[in-house]
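The structure appears right after this line, and notes come after that.
In each ligand, atom 1 is the first atom listed, and ligand 1 is the first ligand listed. This is a predicted model, so every value here is computed, not measured.
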Amino acid sequence: MSAIRLARAFTKRKYIVKFEGCYHGHSDSLLVKAGSGVATLGIPGSAGVPEEFTQFTLALPFNDVQAVEYAFQKFKHQIACVIVEPVVGNMGCVPAADDYLVALRLITEREKSVLIFDEVMTGFRVAFGGAQELYNIRPDLTTMGKIIGGGLPVGAYGGPSEIMNLVAPLGPMYQAGTLSGNPLAMAAGCAMLKHLREHKQEIYSRIDKLSRELVEGVAAAAKDAGVALCYNRVGSMFTWFFTAGPVMDWESASKSDTGAFGRFFPGDAGYWSVSAAVAVRGGFPGSSAYGAGCAADDCGGEAGVCGGKGMRFHGTSDGSGRQFCQTNRLPNHCPLSDWAIWLLKLLSMSGF
Ligand SMILES: Cc1ncc(COP(=O)(O)O)c(C=O)c1O
């Protein structure tokens, strides 16, 4: 919300471009064809948002360069910014097609519009430097959240001083909040980022390997069981879609059988679920069919999987992963991918 206000202040333009299936928070003008929970619930927007509040929001199909070109032609010199999840996590994990982000960069530069990478989910997750490091593309503004709070609520945005100096008190764009700069969240975030910086060589390769094994293992088991399933994965972010695929935008993502996802990850079915197998190592899969799952690292060197709502670190001392294991009577030392395969087979045998 603040990054968009800033882009509007900087360009003195009204329109914004977002993409179908991308979620950028629950401010009124952004709840247009948003992914995440809104997608799962099949709500086109949200009750309580007057149409007038979204009249300057252009929601375009993701991974479609022509649609962006067309919007800039139609709304010449009126588009303040293009905001994008560089790896979408809110319609499930959907990576940008080859050169799509480069095209967004070139078009926004040419049109003097602000390019915003929403790295709330990808920041410090797909790489230490986020998606912009992974793909080597520099946006004008970046938004962050989740991991940078180390489990506590934090949001941040940043960019070059030419733009940032417009924020009050230096400039005329107002922004403030009760929890801005909250000392506890700042301390947790600093500890998290320090840990990541010190261990980045091991952590990112370890969670990449973990997610590859898990995701490919389940996909292979699905193939054996004759279940239509495809997946997308970027580093530790991934989604299994219950559709033959490929999934590259909201239209293809929405072909997913969400009922099958619900049966695969039954929230209340005790340990007869892949959720339990995944959670045995201290985390949870995506919170819904359209929430990306994420492999997570723990400080003790084991690994788990957690939902897209935040990379979860848990210390060895609190033993939360092991606790879960005990209550569900699952053996502690079993590779995640084996559990997933075993359980998927079981589910398929029982008429899944
Ligand atoms: C990519 C992305 N952007 C923005 C947000 C919104 O973050 P917040 O609810 O902290 O405003 C989320 C939340 O899930 C997100 O996944």
Side-chain angles (χ1 to χ4, degrees), residues 1-7 16-41 43 45-46 49 57 59 62 81-96 101 104 114-127 130-132 134-135 139 141-159 175-182 184-186 188-189 192 232 234-239 249-250 253 284-294 296 306-312:
M1 179 180 75
S2 300
I4 284 173
R5 186 180 301 151
L6 181 56
I16 62 167
V17 166
K18 77 173 284 289
F19 298 99
E20 293 169 4
C22 287
Y23 178 72
H24 305 291
H26 70 290
S27 65
D28 286 346
S29 64
L30 289 168
L31 280 181
V32 181
K33 298 194 175 169
S36 209
V38 183
T40 315
L41 299 173
I43 303 168
S46 165
V49 178
T57 306
F62 183 66
C81 66
V82 171
I83 183 164
V84 66
E85 288 181 72
V87 176
V88 188
N90 283 295
M91 54 176 150
C93 174
V94 179
L101 296 173
L104 293 185
V114 174
L115 179 63
I116 307 175
F117 273 9
D118 180 343
E119 297 235 37
V120 165
M121 212 184 274
T122 52
F124 296 97
R125 191 190 303 276
V126 294
Q132 51 199 271
L134 190 66
Y135 299 119
L141 290 176
T142 303
T143 61
M144 296 274 189
K146 304 197 192 296
I147 293 171
I148 62 160
L152 292 181
V154 178
Y157 60 100
Q175 174 250 294
T178 313
L179 293 175
S180 296
N182 176 268
L184 186 60
M186 292 300 102
M192 167 66 80
N232 285 332
V234 178
S236 61
M237 274 174 78
F238 64 85
T239 298
D249 54 17
W250 170 242
F284 296 92
S287 52
S288 72
Y290 298 120
C294 298
C306 71
K309 299 297 169 194
M311 188 173 196
R312 192 177 125 157

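- Counting atoms of ligand 1 from 1 in the listed order, those under 4.0 Å from a heavy atom of Gly25 are 4 (C), 5 (C), 6 (C).
- Taking a cut-off of under 4.0 Å to the non-hydrogen atoms of Glu85, the atoms of ligand 1 that pass are 1 (C).
- Considering both main-chain and side-chain atoms, His26 never comes within under 3.5 Å of ligand 1 through any nitrogen or oxygen pair.
- Close N/O approach between His24 and ligand 1 is not found [any backbone or side-chain N/O within under 3.5 Å].
- With contacts defined as side-chain heavy-atom distances shorter than 4.5 Å, the pair Glu85/Thr122 does not qualify.
- At least one N or O atom of Lys146, backbone or side chain, sits closer than 3.5 Å to an N or O atom of ligand 1.
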Apply side-chain contact (heavy atoms from CB on, under 4.5 Å) to residues Tyr135 and Val87 and explain how you reach the verdict. CA-CA 10 Å; Tyr135 299 119; Val87 176; 3.6 Å; yes

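- With a heavy-atom cut-off of 4.0 Å, Asn90 touches ligand 1 through its side chain alone.
- Taking every heavy atom of Asp118 and a limit of under 4.0 angstrom, the matching atoms of ligand 1 come to 1 (C), 2 (C), 3 (N), 4 (C).
- Screening Val88, Leu134, Asn232, Leu101 for a side chain to side chain contact (heavy atoms under 4.5 Å, CB included) involving Pro95 leaves a single residue, Asn232.
- Proximity annotation for atom 15 (C) of ligand 1: of Val88, Val120, Val84, Val120 comes nearest, heavy atoms only.
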Would you check, one step at a time, whether the test side-chain contact (heavy atoms from CB on, under 4.5 Å) holds for Phe62 with Val84? CA-CA 9 Å; Phe62 183 66; Val84 66; 3.7 Å; yes

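- In this structure the side chain of Ile16 reaches within 4.5 angstrom of the side chain of Leu30, judged on heavy atoms.
- Near Met121, the atoms of ligand 1 lying under 4.0 angstrom from a non-hydrogen atom of the residue are 16 (O).
- In the model, Asp118 has a side-chain atom that pairs as donor or acceptor with a side-chain atom of Thr143 under 3.5 Å.
- Tyr23 OH to Met121 CE: the interatomic distance, rounded to the nearest 0.5 Å, is 10.0 Å.
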